[in-house]
Structures are given as C-alpha cells and as structure tokens.
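My questions all concern the structure below.
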Amino acid sequence: MRDVAVVGFAQRQMKEFEGSPTCVELLVPIFAELFEQTGWTKDDIGFWCSGSSDYLAGRSFSFVTAVDAIGALPPVMESHVEMDAAWALYEAWIKIQTGEVDTALVYGFGKASAGVLRRTLALQLDPYTMTPLWPDTVSIAGMQARLGIEHGRWDARAMAAVVAHSRTSSLDNEYAVLKGAMSVDDVLAEELYADPLRRSDCAPVNDGAAAIVLAASERAGEASTRPAWITGIEHRVDPLHLGARDLTRSPSAAAAGKAAGSAGVDLAELHAPFSHQELILREELGLSENTRINPSGGALGANPMFSAGLIRIGEAAKRIWAGESDKALGHATSGPALQQNLVCVMEGR
Amino acid sequence: MRVDFDYTRSLGPVLSQFMTGLRDRRILGGVLSDGQVAVPPPEYDGSTHQPVTELVPVGDEGVVQTWAWVSEPVDDQPLSVPFAFALILLDGADVPLLHAVAVDSPAAMETGLRVKVQWAAETRGAITDIACFVPVGASEVVSTSSSTEGSSITEGAVTTLITPVNLAYDYAASPEESKFFRGLAEGKILGQRCPKCEKVYVPPRGACPVDGVPTTDEIELPDKGTLTTFCIVNVPFLGQKIVPPYVSAYVLLDGADIGFLHLILGVDAAEVRMGMRVKAVWKPRDEWGTTIENISHFEPTGEPDADYDTYKQHL
C-alpha cells in the first residue's frame with residue numbers, strides 16, 4: 001500500500017447559493033484556495049474526481065459543466081461519482097494506490113435549495129416499491145428515531161443533547177448555517193415537526209461545495225508540514241429496504257469502522273444528518289467518552305448535499321494539521337437512514 | 001422549471017408476481033432462506049444471495065411497528081393532507097412494509113396500532129394500488145387521487161411498471177447567464193472573454209474551461225456567423241416543437257471562440273453544409289423576453305462559404 005495523505009481542504013457553504021446549479025462559480029475560488037494552500041498548480045494534480053447529482057442540478061451531465069472550473073486544457077484525467085464526494089475521495093485514493101498518479105483533487109458540490117430535497121431524495125430508494133410512495137427523508141429518519149426511542153436505545157433527551165452540542169460547536173465554524181448556544185431544555189421546548197422529530201433534529205437544507213487534495217508520500221511533504229496520513233479507508237452498505245434491517249443499528253458503519261481501524265481515535269467528524277443518527281454512529285464506531293466529536297458542529301450545523309461527507313474528512317484532517325489530534329476519523333453517509341457508510345481514519349506523524 | 005419523465009421498468013419474476021397480486025388486490029410476500037416472509041418480496045435473499053422463488057399470500061391487515069408524522073406532505077405522496085408513514089407488519093409476514101396510514105392527527109397514531117389496506121379505486125399493478133392503510137374499525141378515507149403508476153395490463157401477468165417522476169426547480173441563472181439573458185431581451189448577444197487566454201465564450205460560462213478562471217470581460221457579438229457542424233433531426237421525440245426533418249447546428253458567431261447551438265431553418269435540410277454563413281432571425285420585438293427563443297432560428301446569409309481553416313479549430 002502507498003502512504004497517502006490529505007494535504008489540502010477548502011469549502012464554501014451557505015443557506016442558499018444564488019448562482020447556477022452546477023456551482024462552477026463556487027468551485028473556482030475553492031480550487032484557487034487549494035493551490036495557495038499546497039503551493040501547487042493544476043499541472044501538479046494527477047487525477048480529478050467529483051461527487052454530485054443531476055437530480056439536484058435539474059440538468060443532465062451537470063458535472064461536466066463543473067469541469068470548466070478546472071480549466072481542463074490540456075485534457076485532465078477525471079472521474080465522477082453520483083454520491084457524496086467522500087466516495088470520490090475513495091476512488092482517488094484507489095487511483096493513487098494503482099501508482100498511476102501521485103496526487104488527486106477531489107471535489108463535491110450541490111445546490112439542494114433549487115428543489116425540494118427531502119422529496120428529491122426519494123429517488124435514491126427502491127424504484128419499484130418505495131419511490132412511487134415518495135417517502136421523504138425526514139419521515140424515514142423519523143421512523144428510525146421512533147424505533148430507537150421505543151426500544152430504549154436512546155431518548156429525546158439524548159437526541160437534544162446532540163443538537164445542543166452541534167449548535168454550540170458550530171459557533172466556531174464560519175460555514176455553519178445553524179449555530180448559536182443552545183441547551184438541551186431549549187431543544188426540548190421546541191414543538192414536534194415530524195413526530196418524533198423536531199426541526200432541530202434535522203440537518204438544514206443548504207448549498208455548498210468542498211474539495212480536498214490528496215498526495216502520496218513522495219509528494220505530500222511539498223504541500224504540508226504535517227499531512228493527515230490515511231491509515232484506513234473503507235465503505236460498506238446495508239440492504240436498501242427499511243424492513244430488511246434493524247434500523248436502530250448500522251452494521252455497515254460498524255464494519256467500515258472496524259476495517260478502517262477506527263479504534264483509538266481521539267477525534268471524530270460524523271456525518272449524521274439527524275440527531276439520533278449520531279448516537280447510532282458513536283456506538284457502531286465504538287467511540288469512547290474521550291473522543292472529541294464534531295468540533296465543526298457536524299451535519300446538523302450545515303449539510304450541503306454531496307460534499308457534507310467530504311467536509312467531515314476535511315474537518316478531521318484540519319485538526320491533525322493543527323496538531324489538535326493525532327488520530328482522527330472522518331465519516332460519510334449516503335442512502336436512507338445510514339444505509340451506506342464510509343470511514344476514513346487519519347494520523348499525524 | 002419542471003422536469004418530467006416516465007420511467008418504464010421491466011419486472012423480474014418476483015416483482016411481476018408481486019405487482020400482479022396488487023392489481024388483483026392480493027398482497028404476496030417472499031419466503032426467505034430462513035423461512036421468514038418479507039413484504040415486498042426481495043428478488044434475492046439478503047444473507048444467502050440466492051434468488052427468492054416462493055411467494056405466499058399475506059393478510060391485508062397488520063400492525064404498525066414504527067411511524068413518523070408527515071406534517072407537510074410533498075407532491076405525489078399517498079395523501080395530500082397530513083398523515084403518517086409507517087412500517088407495517090402484515091399478518092403472516094415477518095418483515096414490515098413501508099406505507100402510509102391515514103389518520104387525522106399524530107394523537108391517533110401509535111406503535112402497535114392495527115391497520116388495514118385501503119385499495120385504490122382502480123388497481124394497475126403498482127405499490128400505489130394500496131392507496132393507504134387505515135386503522136381497523138375506522139371508515140375508509142376518500143382517496144385523493146387514483147394511481148398513476150403501474151401498467152395498463154388488466155389480464156395476465158403485470159410485467160412492466162411505469163413510474164412518472166416530476167421534479168420542480170427554482171432555476172437561478174449564474175451572473176454570467178443573467179447578463180446574457182438580459183442582453184437578449186435587448187436584442188444583443190453578449191459573450192465574455194477570458195482574461196488569460198482571451199477566448200470569447202457565448203453563452204458566457206462561470207469559468208474559462210481552458211484556464212479555470214472567471215471570464216470577466218463582457219463583449220457584444222454580431223448575430224452572424226459560420227455553421228461549423230450540424231445534424232439533421234429525423235426522429236420524432238416527446239416535447240418536439242418542430243416537425244422533422246430539421247437542422248440543429250453549431251454556429252460560430254463572428255468573433256466568438258465557441259459554437260452556439262441553434263436551429264437552421266429557411267433552407268432545405270439537404271442544402272445545409274459546414275462552413276455555410278448564417279444570420280439570426282429574430283422574432284418580432286414585442287415577443288421578446290429574457291430568453292434565447294428571441295432568436296427564432298438562423299438562416300443562410302447568401303455569402304460565400306467560410307474557409308475551412310477559419311473554423312477547423314471549432315469542430
């Protein structure tokens with residue numbers, strides 16, 4: 001295995017992006033920021049990989065338009081996944097492992113505000129027996145939350161504690177769209193929106209883009225004085241049908257965490273778009289009381305589709321660069337009710 | 001902006017039986033390797049990965065396992081007034097089904113509630129043949145809409161499923177696109193020049209695809225140019241506005257560095273050729289808006305054809 005590290009990270013998030021759904025205008029300054037961080041130019045990047053969805057953009061091949069932001073002449077080696085860009089990062093990591101390239105730039109973008117996100121996401125369900133009912137994301141999460149509450153796995157108070165922690169941590173995150181000190185009682189005083197969920201149990205719908213630069217050991221030192229070395233990256237998937245698994249658990253998160261070596265991390269950035277999902281992830285990843293969780297505020301502070309998972313990896317890497325963490329994990333999820341999970345474990349050396 | 005598309009999917013042996021059952025108002029579950037019965041039946045067993053071959057009928061009543069209140073239903077959900085989505089364990093099944101329960105308020109919902117199927121007025125071989133579930137003992141609700149999913153096969157096995165999908169978008173123009181469309185409303189074609197490579201793009205883009213930098217210098221282009229490449233559209237398709245055959249072509253406006261896709265009319269399709277000089281035909285001014293449709297089409301100018309060398313870089 002080649003040693004590969006995260007050496008650059010940039011993001012932009014906002015409640016509503018006023019530009020085009022392809023987010024080209026958002027990506028241009030992000031790439032510029034990464035070139036400044038690493039001291040590299042586009043010629044130093046061996047592979048480009050993005051995560052986005054045409055269903056969000058409302059036009060076909062929207063990721064091709066986004067390639068404009070690269071300035072792809074002479075032609076570049078490029079790929080795309082219709083998933084959160086954390087999975088694009090996985091592809092880029094594999095590409096570097098093949099030895100074909102030494103560096104990669106991974107980016108994700110999405111303008112969820114253009115449509116009705118909780119409805120659009122019904123298109124990721126089984127098209128025969130689920131999508132025709134248009135089960136929205138919030139309802140699916142609500143059914144999951146109630147199962148956990150009624151089976152005694154967590155309660156409304158524990159969920160509210162996740163929200164309060166997120167809102168308070170988000171104060172230090174310039175990109176969080178929901179922030180402000182909040183107590184558990186403040187959260188519990190809110191009325192129910194999608195019984196058993198309160199609005200604050202749900203991640204905001206917002207827009208944004210983010211990008212990460214990866215480099216193999218031969219190049220990483222040029223771009224960073226303390227690279228975040230990827231010591232394990234794995235993703236797993238559970239069955240799509242909600243009835244086919246115990247929704248209060250996430251076997252795929254546990255399996256990905258175990259395979260990636262999540263034991264002993266001192267910091268974790270978890271991609272939990274609903275408060276109770278953070279509780280599931282903490283348990284499945286075996287995070288102890290001593291693990292610092294979501295110092296960025298996590299997805300409840302801001303959850304830009306197709307980059308929120310990548311941002312978790314970037315936020316975790318940032319803490320390693322700064323010397324705040326020696327071993328951190330970034331987690332990304334996709335699909336309904338934590339169906340798909342990716343865990344990236346990084347270490348500072 | 002609305003995007004509409006009907007997805008037509010063929011059904012394998014398992015889903016074909018399941019959908020045929022629904023059309024005939026029977027619910028079938030699949031027998032898994034451990035003997036458990038799952039509704040809807042999966043095509044393959046989740047643990048052994050073997051095909052599911054045995055389907056058995058289950059009851060049309062069941063018990064709510066978990067639920068969430070939908071206080072603000074979105075388009076095309078089973079009910080347009082607040083309702084509950086629930087996982088429902090049908091009598092005789094071991095794996096619950098996702099569907100809607102029609103009750104007036106969350107106070108009327110609880111885990112353990114017994115519910116029964118309310119069939120759609122017309123069944124077509126789709127999951128929406130089950131309009132919703134209602135509490136056992138409650139009166140049936142009037143279905144808000146009949147099923148638009150499914151097939152029109154009324155006898156024999158249902159083998160396809162048509163799922164209409166429509167998505168609405170608030171489509172924002174980028175700053176560059178906005179200037180372009182505002183220019184069109186005044187009869188101008190506005191492009192932008194890359195400050196680095198000096199190439200002129202029309203319509204303007206968010207970034208120069210060569211250099212990856214914003215294109216900032218605005219430039220007005222003439223409505224005349226050279227046809228670089230084209231295709232003759234002979235195939236009719238949904239939403240087509242012009243009777244085929246007609247010509248769709250890239251026009252390289254004089255002074256631009258990128259082709260501009262538009263229609264070529266006013267000339268026999270067989271006469272259209274690469275290098276042909278063309279000009280925009282604008283609609284009457286009172287029909288103009290902030291749209292590319294202000295230009296009805298392009299037609300030949302009658303000038304001699306452009307030299308191949310002048311457009312060979314643009315093919």
Side-chain angles (χ1 to χ4, degrees), chain A residues 17-25 27-28 31 42 55 57-59 65 67-73 111 113-116 118-120 122-123 126-136 138-147 150 192-197 239 241-245 247, chain B residues 1 3 7 9 11 15 18-19 38-40 42 46 65-78 84-87 89 95-100 106 109 111 126-128 147 149 161 163 165 167-177 205-214:
Chain A
F17 173 57
E18 285 177 0
S20 71
T22 58
C23 299
V24 174
E25 315 95 299
L27 291 169
V28 169
F31 292 173
K42 71 175 180 190
Y55 281 125
R59 56 164 85 165
T65 314
V67 170
D68 276 8
I70 301 175
L73 200 88
K111 186 174 169 174
S113 69
V116 181
R118 66 189 169 106
R119 180 173 182 271
T120 306
L123 291 164
D126 169 34
Y128 301 96
T129 61
M130 292 170 82
T131 301
L133 302 173
W134 293 90
D136 57 283
V138 176
S139 298
I140 290 173
M143 289 189 286
Q144 183 183 36
R146 184 182 308 281
L147 271 175
E150 293 183 350
L192 294 176
Y193 164 61
D195 189 345
L197 299 177
H241 271 282
L242 301 179
R245 62 184 167 109
L247 290 176
Chain B
M1 183 184 70
V3 178
Y7 284 88
R9 294 185 170 90
L11 301 171
L15 286 169
F18 179 65
M19 297 303 178
V39 184
Q65 306 287 293
T66 185
W67 58 277
W69 188 247
V70 187
S71 56
E72 295 172 11
V74 295
D75 287 353
D76 299 323
Q77 286 185 333
F85 264 121
L87 290 179
L89 190 65
V95 174
L97 167 76
L98 169 71
H99 220 295
M109 266 316 277
T111 299
I127 193 68
T128 46
S147 173
E149 330 284 333
L161 174 73
T163 307
V165 169
L167 299 167
Y169 296 90
D170 292 329
Y171 209 85
S174 67
E176 297 78 15
E177 288 168 332
R205 310 156 80 107
C208 169
V210 177
D211 299 299
V213 297

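All chains are named by letter (A, B, ...) in the order of the sequence lines, taking the proteins before the strands, and each is independently numbered beginning at 1. Bear in mind the structure is a predicted one, so any value in this text is a computation, not a measurement.
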- Note on the structure: Under 4.5 Å to a heavy atom of chain B? For A:A244 that would be backbone
- Message: If you count heavy-atom pairs within less than 4.5 Å of chain B, which of A:F31, A:Y55, A:F17 leads?
- Response: A:Y55
- Message: Heavy-atom cut-off 4.5 Å, strictly under: side chain, backbone, both or neither for B:E72 against chain A?
- Response: both
- Query: Of the non-hydrogen atoms in B:T163 and A:P127, which two are nearest, and what is the gap between them?
  - Reply: OG1-O, 4.0 Å
- If you tally heavy-atom pairs under 4.5 Å between each of A:Q144, A:R118, A:R245 and chain B, the highest tally belongs to A:R118
- Item | chain B contact via A:E150 - which portion, at a heavy-atom distance below 4.5 Å | side chain
- Message: Using heavy-atom distances under 4.5 Å, tell me whether A:L147 contacts chain B through its side chain, its backbone, both, or neither.
- Response: both
- So, does B:Y169 use its side chain to make a donor-acceptor pair with the main chain of A:S113 at under 3.5 Å? no
- Message: Please classify the contact of A:A57 with chain B as side chain, backbone, both or neither, using a heavy-atom distance under 4.5 Å.
- Response: backbone
- Message: If I take atom OG1 from residue B:T128 and atom CH2 from residue A:W134, how far apart are they, to the nearest 0.5 angstrom?
- Response: 12.5 Å
- Using non-hydrogen atoms only, which part of B:M1 is less than 4.5 Å away from chain A: side chain, backbone, both, or neither? side chain
- Query: So do the side chains of B:P175 and A:E25 get within less than 4.5 Å of each other, counting heavy atoms only?
  - Reply: yes
- Task: Could you pull out the closest heavy-atom pair between B:V70 and A:S139, with the gap in Å?
- Result: CG2-OG, 3.3 Å
- Item | B:L15 versus chain A, the contacting section by heavy-atom distance below 4.5 Å | side chain
- Message: With a 4.5 angstrom heavy-atom cut-off, is it the side chain or the backbone of B:A172 that approaches chain A, or both, or neither?
- Response: both
- Note on the structure: Among B:L87, B:L11, B:V210, B:L98, the residue with the most heavy-atom pairs under 4.5 Å to chain A is B:V210
- Do the side chain of A:R146 and the main chain of B:W67 share a donor and acceptor less than 3.5 angstrom apart? yes
- Item | Part of A:P239 lying under 4.5 Å from any heavy atom of chain B | neither
- Would you mind checking which part of B:V3 comes under 4.5 Å of any heavy atom in chain A, side chain (CB onward), backbone (N, CA, C, O), both or neither? side chain
- Counting distance only, does the side-chain N/O of B:T66 pair as donor-acceptor with the main-chain N or O of A:M143 below 3.5 Å? yes
- Message: Under 4.5 Å from any heavy atom of chain B, what part of A:I140 do you find: side chain, backbone, both or neither?
- Response: neither
- Message: Please classify the contact between B:P40 and chain A as side chain, backbone, both or neither, with a heavy-atom cut-off of under 4.5 Å.
- Response: side chain
- Item | Options B:D75, B:V165, B:V95, ranked by heavy-atom pairs under 4.5 Å with chain A, top entry | B:D75
- Checking B:R205 side chain against A:D68 main chain: does a donor-acceptor pair fall under 3.5 Å? no
- About how many Å separate CG of A:L133 and CG of B:L97, when rounded to the nearest 0.5 Å? 8.0 Å
- Heavy-atom closest contact (B:P106 atom, A:D195 atom, distance): CB-OD2, 3.6 Å
- Task: Apply side chain to side chain contact (heavy atoms under 4.5 Å, CB included) to the pair A:Y128 and B:I127, showing each step before the final yes or no.
- Result: CA-CA 8 Å; A:Y128 301 96; B:I127 193 68; over 6 Å; no
- Item | Taking every non-hydrogen atom, the tightest pair across A:K42 and B:D211 | NZ-CA, 4.1 Å
- Among B:E176, B:Q65, B:H99, the residue with the most heavy-atom pairs under 4.5 Å to chain A is B:H99
- Message: Using side chain to side chain contact (heavy atoms under 4.5 Å, CB included), reason through B:L167 and A:V116 one step at a time and then give a plain yes or no.
- Response: CA-CA 8 Å; B:L167 299 167; A:V116 181; over 6 Å; no
- Message: Test your reading of the model: is there a side-chain donor-acceptor pair from B:S71 to the backbone of A:Y193, 3.5 Å cut-off?
- Response: yes
- Query: Given a strict heavy-atom distance threshold of 4.5 Å, which part of A:L197 is in contact with chain B: side chain, backbone, both, or neither?
  - Reply: neither
